[in-house]
Amino acid sequence: MQPSELDCPVEIVWCIGEVSPLVGSLTASDFSWLSVAEQDLVRKMRFPKRIGEWLSGRWTAKQLLSRYLPHLANQQLSSVSIESHPDGYPLVWVDGKPLKGCLSISHRQDKAAAAYTTEKDVLLGIDLEWIEERHPAFLQDYFNDYEIEWVQAAPSGERAARTTLLWSAKEAALKALQLGLAIDTRMIEVHPHIEGDSLDWQILEYCGDLSKEGYRLIGWWQRRGDYMITLAVNLPATEPPAFYLREISLSD
Ligand SMILES: CC(C)(COP(=O)(O)OP(=O)(O)OC[C@H]1O[C@@H](n2cnc3c(N)ncnc32)[C@H](O)[C@@H]1OP(=O)(O)O)[C@@H](O)C(=O)NCCC(=O)NCCS
């Protein structure tokens with residue numbers, strides 16, 4: 001990719017939603033908004049928790065796409081099919097044709113989040129985590145020495161938020177790298193900027209990242225109530241482009 005191709009801001013749209021108001025219960029049987037391929041997939045799932053998360057992620061992602069992309073605005077949600085690559089990342093089809101761009105999905109507790117960009121050569125990872133205390137062994141297993149020190153340097157009331165932030169940032173990066181948990185999470189060192197209002201996006205720097213040659217990872221984080229949201233972007237390491245992170249409200 002030539003640097004000039006990224007001169008315009010990269011627009012990333014994202015949303016956070018409650019579990020589908022349509023399906024209500026996580027094991028509801030109204031699958032009319034799912035494509036045939038999605039219906040086949042969900043019928044093969046055995047665990048209600050997984051079914052609920054999968055449905056809430058699909059619902060939230062379809063809401064995002066249909067509110068953002070004009071050509072999907074009047075389409076049936078069932079014409080959009082969000083399937084999974086064997087490595088786990090989502091692949092989107094519209095009426096049997098691949099949708100250009102990159103979609104990322106996360107689900108946690110009663111919420112799901114999705115992010116999407118039409119930009120070529122830009123991979124996204126969004127992650128949503130419930131802020132909670134974790135056992136000290138969790139830090140030892142997943143964080144490096146620098147990160148453990150950063151968590152422990154915080155006042156005790158802030159440690160759960162810092163731990164959750166680092167964990168979420170690593171998961172977002174693993175999604176943007178399309179690696180999942182196949183690698184040791186200590187190989188991705190996270191440096192969150194903390195300036196002012198954590199209710200707005202703040203920068204995440206990644207060190208020792210695992211992007212392929214010529215690519216780099218950058219990210220953002222914000223706190224929403226009891227949740228931490230992180231967004232990682234894996235893109236060509238040309239001039240850092242401007243980003244426009246636009247939240248799409250699902251409540252309208
Ligand atoms: C990707 C991963 C970091 C997901 O994080 P998580 O906090 O557990 O779950 P989240 O709800 O935030 O994200 C799940 C979504 O990530 C996406 N995802 C899964 N694997 C992915 C990958 N390799 N690259 C990018 N995105 C991926 C999917 O959209 C998935 O939702 P879906 O299956 O309903 O489509 C991680 O759990 C993972 O690697 N999962 C896939 C492999 C796996 O389950 N391994 C078992 C343990 S080794």
Side-chain angles (χ1 to χ4, degrees), residues 12 14-20 23 26-27 31 33-35 37-65 80-93 99 101-117 122-132 134 138 141-143 163-188 190 204 206 209-212 215 217 219 221-222 224 227-235:
I12 298 170
W14 69 282
C15 69
I16 179 166
E18 302 290 329
V19 167
S20 155
V23 297
L26 295 183
T27 52
F31 292 160
W33 56 280
L34 296 174
S35 69
E38 289 170 331
Q39 291 184 26
D40 286 348
L41 278 171
V42 77
R43 288 201 177 98
K44 286 182 194 142
M45 292 179 187
R46 289 172 47 216
F47 300 104
K49 180 172 180 288
R50 173 63 179 144
I51 294 171
E53 288 183 345
W54 190 88
L55 287 173
S56 72
R58 288 320 179 261
W59 173 261
T60 304
K62 288 189 184 199
Q63 292 298 323
L64 177 71
L65 295 174
V80 178
S81 192
I82 306 178
E83 297 164 36
S84 301
H85 183 273
D87 288 342
Y89 55 83
L91 295 172
V92 189
W93 305 84
L99 180 74
C102 182
L103 174 74
S104 182
I105 297 174
S106 183
H107 18 64
R108 183 79 176 131
Q109 308 280 74
D110 58 346
K111 292 198 194 308
Y116 174 74
T117 183
V122 173
L123 296 176
L124 298 180
I126 192 163
D127 193 73
L128 183 64
E129 289 290 332
W130 172 257
I131 298 171
E132 61 186 342
R134 310 231 184 195
F138 179 90
D141 285 346
Y142 296 111
F143 296 174
T163 304
T164 307
L165 167 54
L166 291 183
W167 176 243
S168 178
K170 285 172 190 276
E171 292 213 302
L174 292 169
K175 290 179 191 176
L177 293 163
Q178 295 188 327
L179 288 172
L181 281 179
I183 59 137
D184 184 341
T185 55
R186 290 171 295 189
M187 291 167 73
I188 299 177
V190 185
L204 282 174
Y206 289 103
D209 80 52
L210 301 165
S211 301
K212 65 181 182 187
Y215 279 68
L217 263 185
W221 69 276
Q222 69 168 266
R224 260 309 152 93
Y227 287 84
M228 202 61 85
I229 310 170
T230 56
L231 182 59
V233 178
N234 181 17
L235 80 171

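Read the numbers this way: they start at 1 and go in the same order the structure lists the ligands and their atoms.
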Return yes when Arg50 approaches ligand 1 closer than 4.0 angstrom through a heavy atom, no otherwise.
yes
Find all atoms of ligand 1 within a distance of less than 4.0 Å from any non-hydrogen atom belonging to Arg58, and give their numbers and elements.
32 (P), 34 (O), 35 (O)
Atom 22 (C) of ligand 1 - nearest protein heavy atom and its distance
Asp87 O, 3.6 Å
Tell me the nearest of Ala176, Gly88, Ala172, Pro86 to atom 20 (N) of ligand 1, using heavy-atom distances.
Gly88
Using a strict 4.0 Å cut-off to heavy atoms of Glu129, name the atoms of ligand 1 that fall inside it.
7 (O)
Strictly less than 4.0 Å: does any protein heavy-atom distance to atom 27 (C) of ligand 1 fall in that range?
yes
Write out the residue and atom name of the closest protein heavy atom to atom 3 (C) of ligand 1, then the distance separating them to 0.1 Å.
Glu171 OE2, 3.6 Å
Using a 4.0 Å cutoff against the non-hydrogen atoms of Gln178, which atoms of ligand 1 qualify?
23 (N), 24 (N)
Check Leu177 against ligand 1 and report side chain, backbone, both or neither, counting heavy atoms closer than 4.0 Å.
neither
Among the heavy atoms of Gly57, does any lie under 4.0 Å from an atom of ligand 1?
no
Around atom 10 (P) of ligand 1, find the nearest protein heavy atom and jot down its residue, atom name and distance.
Lys175 NZ, 3.4 Å
Closest heavy-atom approach to atom 12 (O) of ligand 1 among Ser84, Ala112, Ser106, Ser168 is made by Ser106
Side-chain donor-acceptor pair under 3.5 Å between Ser168 and Asp127, yes or no?
yes
Could you give the distance from NZ (Lys175) to CG (Leu103), rounded to the nearest 0.5 Å?
10.5 Å
Ligand-residue contact atoms, ligand 1 with Pro90, heavy atoms, under 4.0 Å
29 (O)
Should the pair Phe138 and Tyr142 be assigned to parallel (<30°), tilted (30 to 60°) or perpendicular (>60°) ring geometry?
tilted
What atoms of ligand 1 come within less than 4.0 Å of a heavy atom belonging to Trp54?
34 (O)
What's the shortest distance from atom 37 (O) of ligand 1 to any protein heavy atom, and which residue and atom give it?
Leu181 CD1, 3.9 Å
Which residue owns the protein heavy atom closest to atom 15 (C) of ligand 1, what's the atom, and how far is it?
Ile105 O, 3.3 Å
Distance from atom 1 (C) of ligand 1 to nearest protein heavy atom, with residue and atom
Gly180 CA, 3.8 Å
Looking only at heavy atoms of Arg108, does any of them come nearer than 4.0 Å to an atom of ligand 1?
no
among protein heavy atoms, the one nearest atom 14 (C) of ligand 1 is His107 CE1, 3.7 Å
Hey, does Glu53 sit under 4.0 Å from ligand 1 if you only count heavy atoms?
no
Salt bridge (Lys or Arg N to Asp or Glu O under 4.0 Å) assessment of Arg108 paired with Glu132
CA-CA 12 Å; Arg108 183 79 176 131; Glu132 61 186 342; 2.8 Å; yes
